[in-house]
Amino acid sequence: MGRDTIADIITSIRNADMNRKGTVRIASTNITENIVKILLQEGFIENVRKHQENNNHFFVLTLRHRRNRKGPPRTFVNLKRISRPGLRIYSNYQRIPRILGGMGIVILSTSRGLMTDREARLQGIGGEILCYIW
């Protein structure tokens with residue numbers, strides 16, 4: 001069985017966010033780099049650094065948290081994997097779902113690379129729905 005790198009990224013970020021960790025370390029691949037760029041542009045993470053140990057490249061993401069909150073810890077980033085290796089979900093640009101009425105984003109894999117739902121609607125192209133982020 002192959003590894004699902006997108007699910008690994010999402011799980012790592014979700015777990016670090018729930019445990020109030022400041023940083024998370026994920027493996028560096030082309031798809032990981034594109035997802036991290038989208039998360040940084042949309043403001044879901046604060047900073048990204050690329051490191052190398054031996055011959056392994058990885059990213060260190062600095063997560064954004066809600067500060068000065070009293071009571072139970074609440075997560076800032078909610079991520080949900082939609083399309084997976086066993087069940088691919090595709091959508092044309094007219095049927096791309098809106099998350100929280102446009103407050104969240106959908107990451108799509110299109111013929112022009114990874115992009116958000118807003119960019120895909122503007123360009124008029126659909127693709128595989130990778131994940132929801134809100």
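When reading the values below, keep in mind they use all heavy atoms of this one structure, side chains included, and skip hydrogens, waters and symmetry mates. Worth saying up front: this structure is predicted, and the values here are computed from it rather than measured.
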Peer 1: Where the side chain of Q94 meets the backbone of I96, is there a donor-acceptor pair that is under 3.5 Å apart?
Peer 2: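 No, because the side chain of Q94 does not come within donor-acceptor range (under 3.5 Å) of the backbone of I96.
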
Peer 1: Under the side-chain contact (heavy atoms from CB on, under 4.5 Å) test against I99, which residue among I105, V106, N78 passes?
Peer 2: V106

Peer 1: Can you name the closest pair of heavy atoms from A16 and V24 and give their distance?
Peer 2: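 That would be CB-CB, 3.9 Å.
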
Peer 1: Tell me whether K37 is salt-bridged to E42, with the criterion being a basic N under 4.0 Å from an acidic carboxylate O.
Peer 2: no

Peer 1: Find out whether M115 and I125 are in side-chain contact, i.e. whether some heavy atom of one side chain is under 4.5 Å from a heavy atom of the other.
Peer 2: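 They are in contact (side-chain heavy atoms under 4.5 Å apart), so the answer is yes.
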
Peer 1: Could you name each residue pair satisfying salt bridge (Lys or Arg N to Asp or Glu O under 4.0 Å) that touches residues 49-59, not counting sequence neighbours?
Peer 2: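 Found R25-E53.
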
Peer 1: Just checking, is any N or O donor in the side chain of E128 or S83 under 3.5 Å from an acceptor N or O on the other one?
Peer 2: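 There is such a pair (donor and acceptor under 3.5 Å, judged by atom type) between the side chains of E128 and S83.
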
Peer 1: Test side chain to side chain contact (heavy atoms under 4.5 Å, CB included) on E33 and V36 and set out the steps.
Peer 2: CA-CA 5 Å; E33 186 174 350; V36 166; 5.8 Å; no

Peer 1: Under the criterion salt bridge (Lys or Arg N to Asp or Glu O under 4.0 Å), I'd like the reasoning laid out for R81 against D4: C-alpha separation, chi angles, the key distance, then a yes or no.
Peer 2: CA-CA 11 Å; R81 176 80 157 120; D4 187 7; 2.9 Å; yes

Peer 1: Would you say L108 and L130 make side-chain contact, with heavy atoms under 4.5 Å?
Peer 2: no

Peer 1: Treating Ile, Leu, Val, Met, Phe, Trp and Tyr as nodes and any side-chain heavy-atom pair under 4.5 angstrom as an edge, say whether I82 and I6 lie in one connected cluster.
Peer 2: no

Peer 1: Hey, what do you get for CD1 (I31) to OG (S109), rounding to the nearest 0.5 Å?
Peer 2: 6.0 Å

Peer 1: Please confirm whether the backbone N or O of S28 pairs with a side-chain atom of T32, one donor and one acceptor, at under 3.5 Å?
Peer 2: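 A pair under 3.5 Å: no.
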
Peer 1: What do the steps show when you test L122 against E119 for side chain to side chain contact (heavy atoms under 4.5 Å, CB included), and what is the final call?
Peer 2: CA-CA 5 Å; L122 285 175; E119 294 170 352; 5.7 Å; no

Peer 1: Just wondering, do P97 and I129 contact through their side chains at under 4.5 Å, heavy atoms?
Peer 2: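 When only atoms from C-beta onward are counted, P97 and I129 do touch, with a gap below 4.5 Å.
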
Peer 1: Mind checking whether L79 and I13 have side chains closer than 4.5 Å, heavy atoms only?
Peer 2: yes

Peer 1: Indicate yes or no for a side-chain donor-acceptor contact from D17 to the backbone of V77 under 3.5 Å, with no hydrogens or angles considered.
Peer 2: yes

Peer 1: Hey, could you give me the OG/NZ distance between S12 and K21, rounded to the nearest 0.5 Å?
Peer 2: 12.5 Å

Peer 1: Is the number of heavy atoms from other residues, nucleotides or ligands within 6.0 Å of CZ (R118) greater than 12?
Peer 2: yes

Peer 1: For R3 and D8, run salt bridge (Lys or Arg N to Asp or Glu O under 4.0 Å): C-alpha distance rounded to whole Å, both residues' side-chain angles, the deciding distance at 0.1 Å, then the answer.
Peer 2: CA-CA 8 Å; R3 291 186 53 139; D8 292 342; 2.7 Å; yes

Peer 1: Under 3.5 Å, side chain of N34 to main-chain N/O of N30, donor-acceptor pair present?
Peer 2: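 Yes: the side chain of N34 pairs with the backbone of N30.
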
Peer 1: Taking L87 as the starting point, is it possible to reach Y132 by hopping between hydrophobic residues whose side chains are less than 4.5 Å apart?
Peer 2: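 Linked, Y132 and L87 end up in one cluster.
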
Peer 1: Count I, L, V, M, F, W, Y as connected when their side-chain heavy atoms are under 4.5 Å apart, and connections chain through other members. Are L63 and I10 then in the same cluster?
Peer 2: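 Same cluster.
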
Peer 1: Rounded to the nearest 0.5 Å, what separation is found between the OG1 atom of T23 and the CZ atom of F59?
Peer 2: 15.0 Å

Peer 1: With a 4.5 Å heavy-atom cut-off, do I45 and R64 have their side chains touching?
Peer 2: no

Peer 1: Apply side chain to side chain contact (heavy atoms under 4.5 Å, CB included) to residues I38 and L114 and explain how you reach the verdict.
Peer 2: CA-CA 8 Å; I38 290 173; L114 290 184; 4.1 Å; yes

Peer 1: With side chain to side chain contact (heavy atoms under 4.5 Å, CB included) as the criterion, how do I107 and I133 come out once you've worked through the C-alpha distance, each side chain's angles and the decisive distance to 0.1 Å?
Peer 2: CA-CA 8 Å; I107 296 181; I133 303 170; 3.5 Å; yes

Peer 1: Can you tell me which residue pairs pass the ring-ring contact (aromatic ring centres under 6.0 Å, His included) test with a partner in residues 28-55, sequence neighbours excluded?
Peer 2: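 The answer is H51-F58.
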
